[in-house]
Amino acid sequence: MPKTPLHPSPPPLEANDVAIVGGGTVLWFIAFLALLPFQGSLSAHGHGTWPWICLSGGLLGLIGLWYCRARRDAIARGRAAEAAEAAAHTAERTTGDEGQDPATRSD
């Protein structure tokens, strides 16, 4: 049975992590505010921790938002450094020795 050729893996998809985490954080805070007026009723039925769970989810979401923004900025800095290095390398190769054209240069 012939083997099927392996295809290279596609590059990873980039998502807008800051928007996703920010949206989730907002939802946690909205849930906290929605449950807060019912704290007495929730406590009477054994669910008094629900608003505080939502608040902790929102606070952890703020930490996640900080992390995602730092990651996004680090990726952008890395790509800019790679592009600058590639441009410098390309400029160095095109100038050759003493500004001679690489096609007419003798090695």
Side-chain angles (χ1 to χ4, degrees):
M1 177 102 26
K3 290 187 176 183
T4 58
L6 296 177
H7 298 287
S9 298
L13 296 175
E14 289 293 327
N16 190 354
D17 298 335
V18 175
I20 294 169
V21 173
T25 302
V26 167
L27 290 176
W28 278 115
F29 281 124
I30 289 172
F32 170 70
L33 293 174
L35 290 175
L36 201 56
F38 304 104
Q39 177 65 32
S41 176
L42 289 170
S43 294
H45 291 94
H47 302 294
T49 59
W50 285 8
W52 310 115
I53 291 170
C54 293
L55 179 62
S56 63
L59 294 175
L60 288 172
L62 291 176
I63 294 170
L65 194 59
W66 169 80
Y67 173 79
C68 286
R69 291 181 67 191
R71 179 180 176 272
R72 178 194 62 193
D73 295 342
I75 290 171
R77 281 192 307 271
R79 286 182 180 158
E82 287 177 3
E85 183 178 316
H89 188 267
T90 302
E92 181 181 295
R93 282 190 359 187
T94 57
T95 57
D97 297 329
E98 291 86 38
Q100 271 187 328
D101 183 44
T104 60
R105 181 177 75 206
S106 63
D107 290 331

Using atom types as modelled, flag every donor-acceptor pair under 3.5 Å from a side chain in residues 35-51 to any protein atom, sequence neighbours excluded.
{"residue": "Gln39", "atom": "NE2", "partner": "Ser43", "partner atom": "OG", "Å": "3.1"}
{"residue": "Gln39", "atom": "NE2", "partner": "Gly48", "partner atom": "O", "Å": "3.1"}
{"residue": "Ser43", "atom": "OG", "partner": "Gln39", "partner atom": "O", "Å": "3.0"}
{"residue": "His45", "atom": "ND1", "partner": "Ser41", "partner atom": "O", "Å": "2.8"}

Considering residues, nucleotides and ligands other than Arg72, do more than 12 of their heavy atoms fall under 6.0 Å from its CZ?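 Atom CZ in Arg72 is packed in, count exceeds 12.
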Check residues 77-88 and write down every donor-acceptor pair under 3.5 Å in which the side-chain atom is one partner and the other belongs to a residue at least two apart or another chain.
none

Indicate, with yes or no, if Trp52 and Leu59 share a hydrophobic cluster defined by side-chain heavy-atom contacts under 4.5 Å among Ile, Leu, Val, Met, Phe, Trp and Tyr.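 Yes, Leu59 and Trp52 fall within the same hydrophobic cluster.
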With the side chain counted from C-beta on, respond yes when Phe29 and Leu55 share a heavy-atom pair under 4.5 Å apart, and no when they do not.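 Yes, their side chains come closer than 4.5 Å.
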Working to the nearest 0.5 Å, report the span between CG of Leu27 and SG of Cys54.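 Answer rounded to 0.5 Å: 10.5 Å.
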Below 3.5 Å, can you tabulate the donor-acceptor pairs from side chains in residues 11-25 to any protein atom, sequence neighbours excluded?
{"residue": "Asn16", "atom": "OD1", "partner": "Ala19", "partner atom": "N", "Å": "3.4"}
{"residue": "Asp17", "atom": "OD2", "partner": "Arg71", "partner atom": "NH1", "Å": "3.2"}
{"residue": "Thr25", "atom": "OG1", "partner": "Val21", "partner atom": "O", "Å": "2.8"}
{"residue": "Thr25", "atom": "OG1", "partner": "Gly61", "partner atom": "O", "Å": "3.3"}

